[in-house]
Participant: 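I'd like to ask some things about the structure below.
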Number of protein chains: 2
Amino acid sequence: MSIHPLTVIPAPYRPIPNSLLRNGVGKARLISLSAALPLVERDVLEPLSRRVSLAHGETLYGQDEPACSVFNVTSGALRLYRILPDGRRQVTGFAFPGDFLGLSLLDRFAVSADALGSATACRFERLAFKDLICGHPGLMMHLHEITGQELSRAKDMMMLLGRRTAEEKIGAFLVGLQERYVRIGLSAVTLELPMGRLDIADHLGLTIETVSRTLSRLDRDGCLLIVPGGVRLLDQARLARMSAH
Amino acid sequence: MSIHPLTVIPAPYRPIPNSLLRNGVGKARLISLSAALPLVERDVLEPLSRRVSLAHGETLYGQDEPACSVFNVTSGALRLYRILPDGRRQVTGFAFPGDFLGLSLLDRFAVSADALGSATACRFERLAFKDLICGHPGLMMHLHEITGQELSRAKDMMMLLGRRTAEEKIGAFLVGLQERYVRIGLSAVTLELPMGRLDIADHLGLTIETVSRTLSRLDRDGCLLIVPGGVRLLDQARLARMSAH
DNA sequence: GACGGACTTTGCGCTGGATCAAGGACCCCA
DNA sequence: TGGGGTCCTTGATCCAGCGCAAAGTCCGTC
């Protein structure tokens, strides 16, 4: 049902787990930091960093843990979330190569972070990082701006969670993900979804069944195509309309 | 129904609009900046500021407008929100004395801000503000930390919007407001609610009817007392439990 | 190549909160 | 003291999305 027999699907549509999110480990750090920062700032930060590797499902840090590090994701994808005592979970976002984690430099992490598939990151010791940027106002300002953009996206998210329907949530999620992928140089048509349906549900304030049903319906309507490991966006215009601000 | 005849209510419970939120205009700026910042940082910022006064409902700035100013609220309360083309609204938060607005220093405002009742703020010209803090790394770091706290609260809000029931939303809203009031030296028991039911609804992702019904039920259950212009929290323990993280 | 486990899809009945509709309280101003 | 506007409350009904249950799919492993 999800792949129509007459549909031409350009390779790769086979589930190569996280394939598009792994760009070769050697270059990853370079790619990542250059995407987010000017050369000169990268040169300042680079010497402080140490590599961290995570296997599928491994935790990078836990909510409320003392935040002694700042991270920059270099490959793979991470899930950021909070959990209530009774098990209800809110996935506040996903992190991809180039994203900073813990950049607000608070004493404790605001969320937990774990890996979807395998992932790597640069770790910076927080106090050293703080001292360093204190000596580089331009860099600090740049990092502040990145935090400001995250805050702005958080407000988009509030609107999404508080005032939009299931279909709009799914649409906005997919279009937003596509935009982020394009910005880091990944496919714009076939979206890899390294997170599961349950992660998407807990991100959008829905249940896994509603996510599944809504995706199925969009597939049936020819709006998108569910492929193993992800989704192909077909009717971009309609998706854009349903996720429009 | 909302005020039980046998309940002793300490004055003031009469609706003095925004009474507790107006602390005398002359001292307001001092109070505000001293609350948020150390003395030395206040002395740096103070000379750049100009007073702005807003009447009830007046707009301080609009979403997507070029952000040429940073503000620090000195009296009253503001509503921060986004609106979708079809009229659906998400109130992303409320601002009280001491709060900064536009601190992420992006080119455009992420939300609209208007006054609930009358309000005043300090206005800083954005570029001058930026230049100034570039020369004061400690101050910039402090402001960055404030932004980080706002981001953390935004994530609380996502959890609230995505995963909690109407009653939990109301409970968490009231307890959170109380905590903020305490921090700026206002009453801890009788909460003034300068925003209307519709503002609360649009903040919590509910309808005005659900907000009204839920408050009525909590009143009936002896959990709180609806008084003109606000609410008195009676069963703090139960409220804390229902809003617990 | 078939067994087991994790994830996804689908059907069905249910419910929390939305929607529609009607009053009620309060306030400003005449 | 009364009339009109705004906001709030309450009741009745509806429905989008939830919760449960049962297949179905995919994948790794032995």
Side-chain angles (χ1 to χ4, degrees), chain A residues 1-3 13-19 55-57 79 86-89 116-118 160-171 173 193-220 224-231 242, chain B residues 1-3 13-19 55-57 79 86-89 116-117 160-171 193-220 224-231 242:
Chain A
M1 180 86 260
S2 67
I3 302 184
Y13 67 93
R14 280 275 148 217
I16 306 162
N18 283 323
S19 63
H56 170 85
R79 157 177 68 199
D86 62 9
R88 283 176 291 177
R89 185 179 68 151
L116 303 162
S118 57
L160 202 68
L161 289 167
R163 283 287 172 248
R164 313 197 85 165
T165 64
E167 188 172 291
E168 289 174 325
K169 286 176 177 183
I170 297 283
F173 171 68
L193 294 178
M195 68 293 288
R197 298 290 187 263
L198 187 57
D199 295 320
I200 298 176
D202 284 347
H203 183 48
L204 300 178
L206 300 170
T207 58
I208 184 173
E209 294 95 331
T210 299
V211 170
S212 183
R213 270 188 265 268
T214 305
L215 283 173
S216 297
R217 181 157 27 84
L218 292 175
D219 182 309
R220 227 175 298 124
L224 53 77
L225 199 61
I226 298 172
V227 298
V231 129
M242 81 175 61
Chain B
M1 179 86 261
S2 67
I3 302 184
Y13 69 95
R14 282 275 149 217
I16 306 164
N18 282 322
S19 63
H56 170 83
R79 154 178 71 199
D86 63 7
R88 282 177 291 176
R89 185 179 69 152
L116 304 162
L160 202 67
L161 289 167
R163 283 287 171 247
R164 313 198 87 169
T165 65
E167 188 172 293
E168 290 175 325
K169 287 176 177 184
I170 297 282
L193 295 178
M195 68 291 289
R197 299 290 189 264
L198 187 57
D199 295 320
I200 298 175
D202 284 347
H203 183 48
L204 301 178
L206 299 170
T207 58
I208 184 171
E209 294 95 331
T210 299
V211 170
S212 183
R213 269 189 264 269
T214 306
L215 283 173
S216 296
R217 182 157 25 85
L218 292 175
D219 182 309
R220 226 175 298 124
L224 54 76
L225 198 61
I226 297 174
V227 298
V231 128
M242 80 174 63

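In the text below, chain A, chain B and the rest are named by the order of the sequence lines, each starting its count at 1.
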Participant: Are any of A:Ser216's side-chain N or O atoms less than 4.0 Å away from OP1 or OP2 of C:dT10?
Facilitator: yes
Participant: If I take atom CD1 from residue A:Ile208 and atom CZ from residue A:Arg197, how far apart are they, to the nearest 0.5 angstrom?
Facilitator: 8.5 Å
Participant: Please tell me which of the listed nucleotides, C:dA18, D:dC18, C:dT8, lies nearest to the side chain of B:Thr210?
Facilitator: C:dA18
Participant: How many whole angstroms separate atom CZ of B:Arg164 from atom P of D:dC18?
Facilitator: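 One finds 17 Å between P of D:dC18 and CZ of B:Arg164, rounded.
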Participant: Figure out the CG/C1' separation between A:Leu206 and C:dG16, and round it to whole Å.
Facilitator: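 Nearest whole value for this atom pair: 15 Å.
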Participant: Round to the nearest Å and state the distance from B:Ile170 atom CD1 to C:dG16 atom P.
Facilitator: 17 Å
Participant: Tell me which of A:Arg163 and A:Met195 sits closer to the 5' end of DNA chain C, going by the nucleotide each one is nearest to.
Facilitator: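 Upstream on the strand: A:Met195.
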Participant: Might you work through the side chain to side chain contact (heavy atoms under 4.5 Å, CB included) test for B:Leu215 and B:Leu224, ending with a clear yes or no?
Facilitator: CA-CA 8 Å; B:Leu215 283 173; B:Leu224 54 76; 4.2 Å; yes
Participant: Starting from P on C:dC7, measure out to CG on A:Leu193 and report it in whole angstrom.
Facilitator: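 Roughly 15 Å, once rounded to whole Å.
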Participant: Walk me through whether B:Leu198 and B:Arg89 qualify under side chain to side chain contact (heavy atoms under 4.5 Å, CB included).
Facilitator: CA-CA 10 Å; B:Leu198 187 57; B:Arg89 185 179 69 152; 4.2 Å; yes
Participant: Side chain of B:Ile208, heavy atoms from C-beta onward: which of C:dT9, C:dG17, D:dT9 has the nearest atom to it?
Facilitator: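 The nucleotide sitting nearest to the side chain is D:dT9.
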Participant: Is A:Gly205 touching bases, backbone alone, or none of the nucleic acid, heavy atoms closer than 4.0 Å?
Facilitator: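 Sugar-phosphate contact only - A:Gly205 comes under 4.0 Å of backbone atoms but never of a base.
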Participant: Using a heavy-atom cut-off of under 4.0 Å over every strand shown, decide if A:Thr207 touches base, sugar-phosphate, or nothing.
Facilitator: sugar-phosphate
Participant: Would B:Leu206 and B:Ile200 satisfy side chain to side chain contact (heavy atoms under 4.5 Å, CB included), going step by step from the backbone distance to the final call?
Facilitator: CA-CA 8 Å; B:Leu206 299 170; B:Ile200 298 175; over 6 Å; no
Participant: Is the backbone N or O of A:Arg88 less than 3.5 Å from a side-chain atom of B:Arg163, with the two atoms forming a donor-acceptor pair by type?
Facilitator: no
Participant: Roughly how many Å is it from CG in A:Leu204 to P in D:dC18, rounded to a whole number?
Facilitator: 11 Å
Participant: Rounded off to whole Å, could you give me the CZ-to-C1' distance for the A:Arg79 and C:dC7 pair?
Facilitator: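 Those two atoms, CZ and C1', are 13 Å apart.
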Participant: Provide, to the nearest angstrom, the distance between the NZ atom belonging to B:Lys169 and the C1' atom belonging to C:dG16.
Facilitator: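 So the NZ-C1' distance, B:Lys169 to C:dG16, works out to 11 Å.
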Participant: Can you say whether a donor on the side chain of B:Glu209 sits under 3.5 Å from an acceptor on the base of D:dC8, or the other way round?
Facilitator: no
Participant: Assuming nearest nucleotide by heavy-atom distance, tell me which of B:Ala166 and A:Gly196 is located more 5' along DNA chain C.
Facilitator: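 Mapping each residue to its closest nucleotide by heavy atoms, the 5'-most match is A:Gly196.
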Participant: Using a distance-only criterion (donor-acceptor N/O pair, under 3.5 Å, no hydrogens), is the base of D:dG19 paired with the side chain of A:Arg213?
Facilitator: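 By the distance-only test, yes, there is a pair.
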Participant: Round to the nearest Å and state the distance from A:Leu198 atom CG to C:dT8 atom P.
Facilitator: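 One finds 8 Å between P of C:dT8 and CG of A:Leu198, rounded.
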